[in-house]
Amino acid sequence: MANDTPLPPGSTIGILGGGQLGRMLAISAAQLGYRSIGYAPEGDNVAAPICGDFFENGWGNKPALAAFASQCDVITWEFENVPLAAVEAIPPRLLAPERRALEVAQDRLKEKRFVEELGATCAPYMRIDSDEDLKRALERIGTPGILKTARDGYDGKGQWRIASAHEATGVRFPGRQCIYEGLVDFQAEFSVILVRAADGTVRFWDSSANTHEGGMLVQSVIPAGTAVEGQVEAARDIAKQTADELAYVGVLTLEFFATANGPLFNEMAPRVHNSGHWTIEGAATSQFENHIRAICGLPLGGTETRFASIDMRNIVGEDALSAHAILAEDGEPHLHLYGKLEAREGRKMGHVTRVSGSRA
Ligand code: AMP
């Protein structure tokens with residue numbers, strides 16, 4: 001890209017991926033007078049009803065990708081596992097962020113090395129390509145630890161916890177490149193979410209404290225507490241350097257563990273993030289709107305937090321079926337349901353944000 005000249009109202013934004021993040025991006029795009037077109041393989045594409053048009057085609061379908069791209073003024077993604085070959089079928093001048101952000105963030109080894117070169121610290125880890133590598137890593141790093149596929153993991157999928165040396169004896173190399181990393185004894189987990197404009201302007205939202213269950217985010221809370229607040233500055237420094245190095249345009253998320261020895265980088269997402277959903281009601285401008293503003297060359301909005309306390313919880317699986325009951329609660333909870341057809345166990349179906357007290 002980049003759009004140094006703002007895209008006028010009526011321009012078309014292409015979104016690769018059809019999930020809830022695409023849905024919320026398309027809502028923000030519509031609010032700013034843009035049209036969205038989505039592209040994703042056949043499935044429960046909940047972004048589709050919000051988009052002006054939606055291509056349900058495979059990632060390998062080059063003619064369909066070309067037809068999609070020919071209708072777009074800018075193209076972004078809501079899902080970091082879009083195959084690079086699909087992104088390469090799109091003219092680079094249309095992409096925001098650029099392809100390299102996806103390339104780095106799709107691979108746990110690449111992203112860890114990338115941020116380490118910028119001065120970040122990670123949990124001890126080793127690359128695993130065989131049973132022998134795994135044996136060596138278990139000897140050197142020890143247990144407890146986590147074996148993670150290097151690519152294509154999300155929401156705790158492609159991860160195996162190894163609690164003890166005894167448990168380790170039964171674990172085999174899963175046949176695809178992995179990393180093994182030591183389990184971090186963290187005080188809290190937090191994310192740094194920033195937006196970067198094409199001119200290099202960077203703004204950060206406040207960091208929430210994030211709670212995961214089974215590898216999946218369940219709750220984000222502000223204020224994040226002292227353990228996180230004391231480490232946000234160092235983490236922001238890494239996140240800003242990452243964004244600058246990638247000439248990043250749009251919203252970028254880096255996840256960290258707050259530990260007794262400072263922030264440890266866990267992973268990055270080159271996109272809007274579940275831990276930033278609270279920004280819809282809780283910040284001056286949401287992560288979704290600022291992503292659209294950045295990729296369309298519009299002035300960025302403020303990222304200040306508007307409330308004294310904010311609590312965002314995911315609605316998972318069948319809990320969504322009774323979620324409308326939340327609307328009867330005191331305190332004006334903000335309910336978001338994603339319109340997914342099947343309430344499968346462990347599936348993110350929506351979220352609810354509760355805010356209270358104004359910021360002094
Ligand atoms: P990831 O997909 O790497 O973000 O992992 C999902 C979640 O699993 C993290 O947010 C943590 O709650 C947990 N987790 C992952 N790696 C580690 C680790 N090395 N030590 C402790 N917890 C971890």
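Start at 1 and go down the list; that is how both ligands and their atoms are numbered.
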A student comparing G215, A123, A269, G214 should find that the heavy atom closest to atom 6 (C) of ligand 1 comes from G215
Heavy atoms from other residues, nucleotides or ligands near CD of E139 exceed 12 (cutoff 6.0 Å):
yes
Can you give me the closest heavy-atom contact between M312 and L217, atom names plus distance?
CE-CD2, 4.0 Å
Heavy atom of G145 under 4.0 Å from ligand 1?
no
Please classify the N266 to ligand 1 contact at 4.0 Å (heavy-atom distances, strictly less than): side chain, backbone, both or neither.
side chain
Which pair of non-hydrogen atoms, one from K112 and one from N266, has the smallest distance, and what is that distance?
NZ-O, 3.5 Å
I146: numbered ligand 1 atoms lying under 4.0 Å from its heavy atoms:
14 (N), 15 (C), 16 (N), 17 (C), 18 (C), 23 (C)
Contact check, F186 vs ligand 1, heavy-atom distance below 4.0 Å:
yes
Would the number of heavy atoms belonging to other residues, nucleotides or ligands and lying under 6.0 Å from CD of E116 be above 12?
yes
Report yes if some N/O of F257 lies less than 3.5 Å from some N/O of ligand 1; otherwise report no.
no
Heavy-atom contacts with H212 under 4.0 Å: which atoms of ligand 1 show up? List them by number with element.
10 (O), 12 (O)
May I ask whether R161 places a heavy atom under 4.0 Å from ligand 1?
yes
Between K135 and D131, is the closest basic N to carboxylate O distance under 4.0 Å?
no
In terms of heavy-atom contacts, does CD of E213 have more than 12 from other residues, nucleotides or ligands at under 6.0 Å?
no
With a 4.0 Å heavy-atom cut-off (strictly under), which part of K157 contacts ligand 1: side chain, backbone, both or neither?
neither
Could you check if a side-chain atom of V192 sits within less than 4.5 angstrom of a side-chain atom of F256, using non-hydrogen atoms only?
yes
Nearest heavy atom to atom 3 (O) of ligand 1 wins, so pick from E189, E213, K148, M268.
K148
If you take the nearest heavy atom of each of E181, E255, Q159, which one is closest to atom 1 (P) of ligand 1?
Q159
I need the nearest protein heavy-atom contact for atom 4 (O) of ligand 1: residue, atom name and distance, please.
E267 OE2, 2.6 Å
Could you tell me whether M216 approaches ligand 1 through its side chain, its backbone, both or neither, with non-hydrogen atoms closer than 4.0 Å?
neither
Between V184 and ligand 1, does any nitrogen or oxygen pair lie at a separation below 3.5 Å?
yes
Y39, L94: one ILVMFWY side-chain cluster at the under-4.5 Å cut-off?
yes
Checking K348 against Y338: charged group under 6.0 Å from the ring centre and within 45 degrees of the axis?
no
